[in-house]
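Data first, discussion second: the structure below is written as structure tokens.
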Amino acid sequence: MSTPDLSKPYEPREVEERWYEFWERNGVFAASDEPGDERPAYVIPMPPPNVTGSLHMGHAQRCTLEDALIRWYRMRGYNTLWQPGIDHAGIATQTVVERQLQREGKTRHELGREAFEKRVWQWKEESGGRISLQQRVLGASPDWRRTKFTMDPGMSVAVREAFVRLHEEGLMYRATRLINWCPTCRTALSDLEVENEEGANGELFEFAYQVDGEDREIVVATTRPETMLGDTAVAVHPEDPRYTSLHGKFLVHPFVDRRIPIITDAILVDPKFGTGAVKVTPAHDFNDFATGKRHQLEEINIFQLDGTMNENAGPFQGLDRKRARTAVKKALEEKGLTRGVKPHQLTLPRCQRSGDIVEPMLSTQWFCKMGEMAKEAIAAVETGRTQIIPEEWVKTYNHFLENIQDWCVSRQLWWGHQIPAWHGPNGDIRVARERPPECTPENGWSQDPDVLDTWFSSALWPFATLGWPENTPALQRFYPTNPKQESDLETGYDILFFWVARMMMFGLHFMKEVPFRRVLLSGLIVDETGDKMSKVKGNVIDPLDLIHGAEFTEIVKKTLPGAPEAEALSKFKKAYPSAAAMGGHFPAFGTDALRFTLATFPPSNKRIALAPKRLEGNRHFINKIWNATRFALDQLEGYSWQELQQPRALYNRWILSRLANASRIANAGIHGFRIDEAANESYRFFWSDLCDWYLELTKTVFAEHSPFAADRDETRAVLAYVLEGALRLMHPLMPFVTEELWQRVPRPATRSASIAFGPYPGASEEKYRDLLAERDMDVVASAIGAARTIRAEHEIKWAHAVPLEFRTDAPEIASLLERVAFSAQVLTKSTTLPAVARLGGPRASGTAVSVVATYAGPVEVLVGLQGIVKKDEELARIERELKRLDKDIATVDKKLSGKGFVDRAPKEVVEQARDQRTQMLAARARLEESRRLADEL
RNA sequence: GGGCGCAUAACUCAGUGGUAGAGUGCAACCUUCACACGGUUGAAGUCGUAGGUUCAAGUCCUACUGCGCCCACCA
């Protein structure tokens, strides 16, 4: 094998761009539904990004976590399906295209429905695939051949099937009730699409209604004076003595020709609030609507669909809501009916999409009955058929489903799945999979113009993407009805209700089985100061800018378009203090560094603060992997892979044990959705164990005239084994750099074409676990560490050779240290005299000493510093060490003498404490001896 | 009104009842032959506050404070 041409620093872009195509060409991502394929299946339905969307940090996080899981399962021999797709995103997309039209001075109504839909499709074709391309940059490995768009013909079949079945079962019905109406989007919304903005400053406005035929009045309080135009009653509490004399009387509406009754209602009215009298507007308030039903009140709608006042508003007709409010107040004032204003905090219901204030409106819509399905979805989690991780979300999930209202699924939009219902001339309605032959336009039939909520099709995603309602091989293989299937749904907790809960309900309903075995919820990426990323704040970061590098001035042009550059820059730097310290731009961190960084956060953190500084550190890590591998390849030149024999040398046994340990932690971490644990252990293992210790120690083996030359063959075999294993260990987190290096590294002939096919280290490494080697290596490492400390404290130049000696009373430790003394010598850079390990014996004067407590007793570390070590300094140093030891001894003593510790603590814990005490006392005795010797300097 | 989360080194964060950890930053030294995107050593902690349980609490319980989020139709 020829030495690969590896340039010195790692250049991510150059490397990363090469491998994606290679993976696709080699079918790495492909899921198989061939009948002969016996592998167990593993499935993740990818949350389909919006067709309007472009890549943001959330996608990068999805990709990092899901790809890590998928690659891990794939490497372990699973038949993996990561199901990709795109969501048509009804309101969002329609809004975008309408805005385009607006710029051309057109409206969708001028265009007409058919032309408009064509236009949206055209736009989808142009830009809809962009995000998939961007996901490739992230190294995502879904089976692209199976990509689905929620408006694909197959998906439409599934949507119609689901709708019709629900209707047949009586679970899909049409009803006229109060719904959330967005006057800007001009459509009904589900409860979830309404965001309640808390703490808005409003006012509580009080005005009087005159009692009909009497010179009396009743004062009501309202936050929305304009709705009084739709008032059809005033309610008081039945037991409120202030109003008993008014029960059954009528009031005169000051602006419209209407007498409104005074009613008593104990549910609606809290006598302690306001004036104790409530105006009732059944057509525009959810409480009032219920009250109206209790008292058979008239429901008077006062709004047009665009939010302006209709003919029922009398003199105010035509005004929009805000104007109407002012006008009503003014008119009441003129009539002398206002009775005061108090400031009042209120929550404003806003449309998730447009931000407009949502209006409760009386409307006829399609509703999906949720009660029974919700119960099943709760039960499925309770019985563990689906596990929610982290578990703390179960409460939230249950609370949502226990209180769920029927789902308003119809939207007055043009972009989406048109509802498969046909309206006849006499108000007949036919629901069917296809237009029934008799329901022709000529006969006066027309299809319901409304479309379904985007989330309706999303709720079918796990099985509709597999071909449902047909019982396809893919459906049989990849839906959890297959017992040889494992599956996870990974997503941000923000769509737990929108998507996850609904998939649970529909999966259970239509497939009679949960749609996935586990729900993995992760937190949201926020800026470095903990604020949500948003365009307004100018703190949005495009993952591609981190991957390929970008000038801050370019970034803020995108995040705050149109804003003055200085202002935008200052906002950006405030949001990312560690970026500000980088100067004016992000360097190209590369995909692996970005993914690794995202992987190091526990997914369960609700907020994940993106600190660019961490990216820098992890880019350095990748560079370290690159350079370490280059170095190892030099050592392995001419090596051809051979079966690994059980090695003899301590450091070889040790590093194999450490790899086994790291593999164990990584496997447990990824499986338990603690990918951060896998990432951190990979980092620690590679940098600390492999680079800092193992590679340094092996330098002494490969050095000329090494006394360990006999271990060279063994060490090469171990190095090759560990290097190849370490790359596989890290592949799910850093796919590109590991593939690039793995392709150049010696490996068994049995391996496949790509590292992506694994195997993932685990069981086969376990047999090299060697706790004795780890224990011994600890002794060696701390002895060497003590020697380094002495050198550093006395400021011995690196190149200056000084004798090193270890002394111990334990023969086994002495021989252990004897064996590593040469390497210790290299690691502490004392070049002329060989370091030695001794049992007892006299000590040369002019040595600095440190004592290391080990399992077999203290080890004295002696560094000959004749002419350098100063008596006072040495004594002071020893005193410091003694002090530290005394503190530790006191801690253990306190514990051991503590009431009940010896009797009640576990035996191992007590024993460990006693051992520690013995060792520390022995070390202390040695140190005191050293102090006497130092005193003689 | 109900629910959830967070608070540990200067910063970003791990921590699973048993001697407080990492990365970054900081200080000193080192161009040393894979890597200065590096190496060695070091300093740095009232684990938010107050109680409680326990032989033992950063970890479990209670209350409180601060920050953040979600749900809810109170005029």
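In this text the structure is predicted, and so the values were computed from the model without any measurement. Below, chains carry the letters A, B, ... as their sequence lines are ordered, and counting in each starts from 1.
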task = Compare the minimum distances between each of B/rA75, B/rG18, B/rC35 and the side chain of A/V909, then state the nucleotide with the smallest one.
result = B/rG18

request  = Measure from CD1 on A/I790 to C1' on B/rG42 and round the result to the nearest Å.
outcome  = 15 Å

inquiry  = Show every side chain to side chain donor-acceptor pair (under 3.5 Å) that has at least one partner inside residues 908-919 of chain A, sequence neighbours left out.
reply    = A/D893-A/R917

task = With heavy atoms under 4.0 Å as the rule, sort A/D692 into base, sugar-phosphate or nothing.
result = sugar-phosphate

request  = Check every strand shown and say whether A/R880 touches a base, only sugar-phosphate, or nothing at a heavy-atom separation below 4.0 Å.
outcome  = nothing

ask   = Counting any heavy atom closer than 4.0 Å, what does A/E677 reach on the DNA or RNA strands: base, sugar-phosphate only, or nothing?
value = base

message = A/D191 vs A/N180, test: side chain to side chain donor-acceptor pair (under 3.5 Å). Steps then yes/no.
response = CA-CA 7 Å; A/D191 297 343; A/N180 303 296; 3.1 Å; yes

task = Please check if atom CD in A/E391 has more than 12 non-hydrogen atoms from other residues, nucleotides or ligands closer than 6.0 Å.
result = no

query = For atom C1', what is the distance between B/rA36 and B/rC30, given to the nearest Å?
reply = 11 Å

request  = Figure out the CG/P separation between A/N618 and B/rA14, and round it to whole Å.
outcome  = 15 Å

key: Atom NZ of A/K574 with >12 non-hydrogen neighbours under 6.0 angstrom   = no

request  = Give the nucleotide from the list B/rA43, B/rC55, B/rU12 with an atom nearest to the side chain of A/F901.
outcome  = B/rC55

note = The residue, A/T789 or A/C691, whose nearest nucleotide of RNA chain B is more 5′ is A/C691

key: Span that lies between the C1' atom of B/rG48 and that of B/rU65, in whole angstrom   = 8 Å

query = If we take the P atom in both B/rG68 and B/rA56, what is their distance in whole Å?
reply = 38 Å

message = So, OP1 or OP2 of B/rG15: does either fall under 4.0 Å of a side-chain N or O from A/R674?
response = yes

message = Quick one, A/M730 and A/I625 - any side-chain contact, counting heavy atoms below 4.5 Å?
response = yes

ask   = Of the candidate nucleotides B/rG3, B/rA34, B/rG39, which contains the atom at the shortest distance from the side chain of A/K395?
value = B/rG3

key: Toward the 5' end of RNA chain B, by each residue's nearest nucleotide, A/P271 or A/N605   = A/N605

query = Touch check for A/F289, heavy atoms < 4.0 angstrom, all strands: base, sugar-phosphate only, or nothing?
reply = nothing

Pairing string, 5' to 3', for RNA chain B - Watson-Crick or wobble contacts under 3.5 Å, brackets [ ] where pairs cross, | to another strand = (((((((..((((....[..)))).(((((.......))))).....(((((..]....))))))))))))....

request  = Between B/rA72, B/rC69, B/rU12, spot the one nearest the side chain of A/A611, thanks.
outcome  = B/rU12

query = Is the cationic atom of A/R788 (NZ for Lys, CZ for Arg) positioned less than 6.0 Å from the six-membered ring centroid of A/W693 and within 45 degrees of its normal?
reply = yes

inquiry  = What's A/L268 touching, base or sugar-phosphate or nothing? Going by heavy atoms closer than 4.0 Å.
reply    = base

query = Looking only at atom C1', what distance separates B/rA20 and B/rG45, rounded to whole Å?
reply = 8 Å

request  = Between B/rA43 and B/rA27, how far apart are the C1' atoms? Round to whole Å, please.
outcome  = 7 Å

message = Base contacts versus sugar-phosphate-only contacts with protein, heavy atoms under 4.0 Å: please encode nucleotides 24-29 of chain B as B, S and - from 5' to 3'.
response = S---S-

remark   = note: A/I218, atom CD1; B/rA75, atom P; distance rounded to Å ~ 19 Å

ask   = Base, sugar-phosphate alone, or nothing: which one does A/A609 contact when heavy atoms must sit under 4.0 Å apart?
value = sugar-phosphate

ask   = With rounding to whole Å, what would you report as the distance between B/rG23 and B/rG18 at their P atoms?
value = 22 Å

ask   = Do A/Q916 and B/rU19 share a donor-acceptor pair, side chain to base, under 3.5 Å?
value = yes

ask   = Which is true for A/P906 with a 4.0 Å heavy-atom rule: it touches a base, it touches only sugar-phosphate, or it touches nothing?
value = base

inquiry  = Without decimals, in angstroms, what is the distance between A/Q635 CD and B/rA34 C1'?
reply    = 9 Å

query = Reckon A/V269 touches a base, only the sugar-phosphate, or nothing at all at heavy-atom distances under 4.0 Å?
reply = base

request  = Heavy atoms only: give me the nearest A/A579-A/F586 pair and the separation to one decimal.
outcome  = CB-CE2, 3.7 Å

key: P-based separation of B/rA10 from B/rC69 [nearest Å]   = 26 Å

message = Can you give me the closest heavy-atom contact between A/D265 and A/A235, atom names plus distance?
response = CB-CB, 4.4 Å

message = By the definition salt bridge (Lys or Arg N to Asp or Glu O under 4.0 Å), identify the one residue from A/R877, A/K883, A/R884 that meets it with A/E881.
response = A/R877

request  = Give a yes or no on this: more than 12 heavy atoms of other residues, nucleotides or ligands lie within 6.0 Å of atom NZ of A/K532.
outcome  = no

query = Contact class for A/D270 vs. all strands (heavy atom < 4.0 Å): base, sugar-phosphate, or nothing?
reply = base

remark   = Ranking B/rA34, B/rC4, B/rU19 by distance to the side chain of A/D888, first place goes to B/rU19

request  = I would like to know whether A/N627 and A/R630 meet side chain to side chain donor-acceptor pair (under 3.5 Å); could you show each step before the answer?
outcome  = CA-CA 5 Å; A/N627 281 303; A/R630 281 199 310 143; 2.7 Å; yes

request  = Could you state the atom-to-atom distance from CG of A/L346 to C1' of B/rG1 in whole Å?
outcome  = 16 Å

message = Counting only side-chain nitrogens and oxygens, does A/K894 get under 4.0 Å of the OP1 or OP2 atom of B/rA56?
response = no

message = When you measure from the centre of the six-membered ring of A/Y493, is the NZ or CZ of A/K606 closer than 6.0 Å and no more than 45° off the axis?
response = yes

key: Candidate nucleotides B/rC4, B/rG18, B/rU54, ranked by approach to the side chain of A/E392 - the nearest   = B/rC4

Phosphate-side-chain proximity, A/K895 and B/rA57, N/O vs OP1/OP2 below 4.0 Å = no

Candidates A/T232, A/D285, A/D231 - the one meeting side-chain hydrogen bond (donor to acceptor under 3.5 Å, both in side chains) with A/K279 = A/D231

ask   = How far does the C1' atom of B/rC11 sit from the matching atom of B/rA44, given to the nearest Å?
value = 13 Å

ask   = Picking from B/rC37, B/rU19, B/rU40, which would you name as closest to the side chain of A/P9?
value = B/rC37

inquiry  = Measuring from the side chain of A/R614 (C-beta onward, heavy atoms only), which nucleotide among B/rG18, B/rU16, B/rC13 has the closest atom?
reply    = B/rC13

inquiry  = Regarding B/rC69, can its base be found pairing with the side chain of A/K532 as donor and acceptor, where the two atoms are less than 3.5 Å apart?
reply    = no

message = Output the rounded distance in Å from NZ (A/K624) to P (B/rG23).
response = 12 Å

